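To keep things clear, I will list the structure first and then write my remarks on it.
Sequence lines set the chain letters: A, B, ... in the order given, protein chains first and strands last, and positions in each chain run from 1. No hydrogens, no waters, no symmetry mates; every other heavy atom, side chains included, goes into these values. If you're wondering where the values come from, they're calculated on a predicted model, not measured in any experiment.
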Amino acid sequence: MYNHFALFHSIKELETEFEVSFPSISKHSIYSPSQTVLTISDNKELKASLMRWGLIPYWARHEGVGNKMAYARAETIETKRSFKFLLQKNRCIIPASCFYKWRQTKNGTKHPYKIELLHQEIMAFAGLWDTWKNLETNQTIYSCTIITSSTSGLTLNRAPVLLTEGNRQAWLDSSITNQQQLMSLLKPIEKNSFILQKINHHNSNETDLFSTI
DNA sequence: CCAGACGTTGTT
DNA sequence: GTCTGG
DNA sequence: CCAGACGTTGTT
DNA sequence: GTCTGG
């Protein structure tokens with residue numbers, strides 16, 4: 001329960017926020033890499049869909065390659081083999097309500113925290129997606145990765161890049177291909193716009209993850 | 001040139 | 001002890 | 001990052 | 001498929 005994020009906003013709230021209709025989601029509301037998550041992308045048309053979290057590049061020989069690609073560093077996506085071509089056309093947003101991080105306290109003990117926006121607004125993680133074809137089953141798998149950046153003042157090393165409301169449309173507009181413009185949309189999360197809350201983790205069922213200590 | 005990787009996290 | 005899966 | 005597994009044979 | 005390391 002580190003790399004995880006959660007989505008507890010309702011489908012209705014998501015549809016209003018992003019102005020697209022969403023498929024009904026599975027019973028899960030806390031997600032970890034390799035699970036299926038909700039995304040919004042502009043693949044010919046703007047739409048919401050389900051994708052595997054953990055990007056499987058189209059050239060991958062095995063699906064397992066995706067286990068390594070849950071995250072993509074914003075600073076280097078323009079040069080990395082697995083991501084550089086996706087920045088042009090395969091951008092997406094992964095909606096979330098909060099994410100979880102471990103944090104070390106002064107005495108050296110570690111504790112998990114939940115990070116939310118001040119008024120529990122919906123977060124829009126910046127992401128990239130790709131398709132991969134399983135040659136045995138002939139099935140095409142859609143998968144995605146979450147872009148991360150450094151954080152200023154949150155005392156977390158890395159965090160997902162959150163697209164501001166003003167930046168979301170451009171990020172999803174597949175007619176935009178200017179790399180400099182696209183990269184300018186990826187800003188580290190802002191200081192003082194977040195709530196960090198200690199959470200339970202030893203009896204970590206979903207209810208506990210949403211509750212604070 | 002070919003073979004092998006293709007990634008991130010946080011910690012040392 | 002070290003790697004993998006979530 | 002932490003928690004949990006850490007393996008192979010041959011058969012379905 | 002494409003880049004990097006040797």
Side-chain angles (χ1 to χ4, degrees), chain A residues 1-7 25-39 50-92 94 96-115 125-136 140-162 179 186 188-189 196-206 208-210 213:
Chain A
M1 193 260 309
Y2 88 103
N3 254 327
H4 303 197
F5 72 89
L7 186 60
I25 347 175
S26 64
K27 53 190 181 306
H28 289 105
S29 52
I30 297 192
Y31 303 97
S32 48
S34 81
Q35 294 184 322
T36 302
V37 300
L38 267 175
T39 61
L50 295 164
M51 297 188 186
R52 178 200 198 272
W53 177 20
L55 191 130
I56 309 166
Y58 69 99
W59 43 258
R61 294 201 171 198
H62 305 288
E63 190 172 353
V65 173
N67 294 335
K68 297 178 179 177
M69 311 223 188
Y71 294 103
R73 291 177 69 89
E75 297 90 330
T76 54
I77 50 175
E78 288 175 287
T79 57
K80 294 294 178 179
R81 292 195 276 289
S82 299
F83 307 135
K84 58 190 296 185
F85 301 105
L86 304 178
L87 182 62
Q88 299 293 326
K89 283 281 178 188
N90 290 18
R91 300 182 296 275
C92 65
I94 296 118
S97 304
C98 64
F99 59 91
Y100 301 94
K101 293 284 285 187
W102 287 81
R103 207 178 165 211
Q104 203 160 14
T105 45
K106 290 169 194 169
N107 59 26
T109 57
K110 288 181 178 178
H111 207 93
Y113 283 77
K114 174 170 82 170
I115 297 95
F125 294 167
L128 300 172
W129 62 275
D130 204 348
T131 57
W132 177 78
K133 194 167 186 179
N134 183 329
L135 295 176
E136 290 176 4
T140 297
I141 296 180
Y142 287 76
S143 61
C144 64
T145 186
I146 294 172
I147 299 175
T148 65
S149 70
S150 60
T151 63
S152 55
L154 262 184
T155 58
L156 306 169
N157 286 306
R158 308 284 302 177
V161 169
L162 302 190
Q179 289 211 9
L186 305 177
I189 60 179
L196 268 77
Q197 293 165 291
K198 250 187 182 179
I199 56 166
N200 291 307
H201 71 291
H202 280 303
N203 46 351
S204 59
N205 59 49
E206 295 202 356
D208 289 329
L209 291 174
F210 290 133
I213 292 175

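Residue A/Ile199 contributes atom CD1, which lies 14 Å from atom P of D/dC2 at whole-angstrom precision. For A/Lys68 and B/dT8, the NZ to P distance is 12 Å, given to the nearest whole Å. The separation between A/Ile30 atom CD1 and D/dA3 atom P is 15 Å, rounded to whole Å. Residue A/Asn67 contributes atom CG, which lies 15 Å from atom P of B/dT8 at whole-angstrom precision. Atom-to-atom, CD of A/Glu63 to C1' of B/dC6 comes out at 17 Å; the value is rounded to the nearest Å. Taking atom OH of A/Tyr113 as the reference point, atom P of D/dC1 lies 17 Å away to the nearest angstrom. If you take NE2 of A/His111 and P of D/dC1, they are 18 Å apart, rounded to a whole angstrom. Between A/Ile147 atom CD1 and B/dT9 atom P there is a gap of 12 Å when expressed in whole angstrom units.
Between A/Leu128 and A/Asn90, every side-chain heavy-atom pair lies at or beyond the 4.5 Å cut-off. Under the 4.5 Å side-chain criterion, counting only non-hydrogen atoms from C-beta, A/Arg91 is not in contact with A/Leu86.
When heavy atoms are screened at a 4.0 angstrom cut-off, A/Ala72 is found touching the sugar-phosphate backbone but no base atom.
In this model, the phosphate group of B/dG7 is not approached by any side-chain N or O of A/Thr145 to a distance below 4.0 Å at OP1 or OP2.
Ring-plane geometry between A/Phe5 and A/Phe125 is classed as perpendicular, the angle between the planes exceeding 60 degrees on a 0 to 90 degree scale with a lower cut at 30.
Judged by distance alone, the side chain of A/Thr36 and the main-chain N or O of A/Met51 form no donor-acceptor pair under 3.5 Å. The backbone N or O of A/Ala60 lies less than 3.5 Å from a partner atom in the side chain of A/Trp132, making a donor-acceptor pair. Panel note: side chain A/Thr145, backbone A/Met69; a donor-acceptor pair is recorded below 3.5 Å. Remark: the backbone N or O of A/Pro57 is not paired with any side-chain donor or acceptor of A/Asp130 at under 3.5 angstrom.
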Could you provide the dot-bracket string of DNA chain D, using ( ) for intrastrand pairs, [ ] for crossing pairs and | for bases paired to another strand, with Watson-Crick or G-U pairs below 3.5 Å? ||||||......
Under 3.5 Å, N/O pairs linking protein and nucleotides 10-12 of chain B:
{"residue": "B/dG10", "atom": "OP1", "partner": "A/Lys101", "partner atom": "NZ", "Å": "2.6"}
{"residue": "B/dG10", "atom": "O5'", "partner": "A/Asn157", "partner atom": "ND2", "Å": "3.3"}

Polar atom pairs between nucleotides 1-6 of chain E and protein, under 3.5 Å, N or O only, would you list them?
{"residue": "E/dG1", "atom": "O4'", "partner": "A/Tyr58", "partner atom": "OH", "Å": "2.9"}

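For the P atoms, the distance from D/dC1 to B/dT11 is 6 Å, rounded to whole Å. The separation of C/dG6 from B/dA5, taken at their C1' atoms, amounts to 24 Å, rounded to a whole angstrom. When the C1' atom is used for both B/dC2 and D/dT9, the distance is 36 Å, rounded to whole Å. Comparing the P positions of D/dG7 and C/dT4 gives an interatomic distance of 9 Å, to the nearest angstrom.
Distance CD1/A/Ile189 to CZ/A/Arg158: 10.5 Å, rounded to 0.5 Å. Rounding to the nearest 0.5 angstrom, the gap separating the NE2 atom in A/His111 from the CH2 atom in A/Trp102 is 7.5 Å. If you take OG1 on A/Thr148 and OH on A/Tyr71, they are separated by 8.0 Å, rounding to the nearest 0.5 Å. Separation of atoms NZ (A/Lys110) and CZ (A/Arg103) is listed at 13.5 Å; rounding is to 0.5 Å.
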Can you list the steps and then say if A/Thr39 with A/Tyr142 is a side chain to side chain contact (heavy atoms under 4.5 Å, CB included)? CA-CA 10 Å; A/Thr39 61; A/Tyr142 287 76; over 6 Å; no
